[in-house]
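These numbers were taken from a predicted model, which means no experiment stands behind them. Numbers here are sequence positions counted from 1.
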Amino acid sequence: MYAIISDGSHQYRVQEGQRIEVQLKELAEGEKAITFDRVLLIGDVEGGPKVGAPTVPGAKVSATLVRELKDDKVIIQKFAGGRDIR
């Protein structure tokens, strides 16, 4: 079974046991569970896929935070340069 969920401006196709990277979430201290309630489609079910309009009523996808990824800090410098017009 798989589902298509909407998170912010992104859509993900997810299934049980799969790992995905999503945008940073505001979680309470020590909280590891995330619930996505904007489920757009549920596939591989009897009678064909369930398509939401816009979401499937009552459908939720639960996930567990494995780790938080952070990349190195990037420093950007801009130099004001003008043109010498003659």
Kindly indicate whether the side chain of T55, heavy atoms from C-beta on, has any atom under 4.5 Å from the side chain of L40.
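Yes. Closest side-chain heavy atoms under 4.5 Å.
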Q11 side chain reached by R13 side chain, heavy atoms, under 4.5 Å:
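Not touching, per the 4.5 Å side-chain cut-off.
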Inter-residue atom distance H10.NE2 - E21.CD, 0.5 Å rounding:
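Here the rounded value is 11.5 Å.
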How many angstroms lie between atom CG of L65 and atom NZ of K25, to the nearest 0.5 angstrom?
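The CG atom of L65 sits 11.0 Å away from the NZ atom of K25.
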Honestly curious: do [X] and [Y] fall in one hydrophobic cluster under the side-chain, below-4.5 Å linking rule?
X: V66; Y: L24; answer: no
X: V51; Y: V61; answer: no
X: F36; Y: Y12; answer: yes

Which atom of [X] lies closest to which atom of [Y], heavy atoms considered:
X: I42; Y: A59; value: CD1-CB, 3.8 Å
X: K50; Y: V56; value: O-CG2, 3.7 Å
X: M1; Y: D44; value: CA-CB, 3.9 Å
X: P49; Y: G43; value: CB-CA, 4.3 Å

Could you list the residues that satisfy salt bridge (charged side-chain N to carboxylate O under 4.0 Å, His left out) with K70, not counting sequence neighbours?
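Partners of K70 by the salt bridge (charged side-chain N to carboxylate O under 4.0 Å, His left out) criterion, ordered by chain and then number, come out as E68.
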Only one of V39, D7, I4, I5 clears side-chain contact (heavy atoms from CB on, under 4.5 Å) with V14; which?
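Going through V39, D7, I4, I5 one by one, the side-chain contact (heavy atoms from CB on, under 4.5 Å) with V14 is satisfied by I5 alone.
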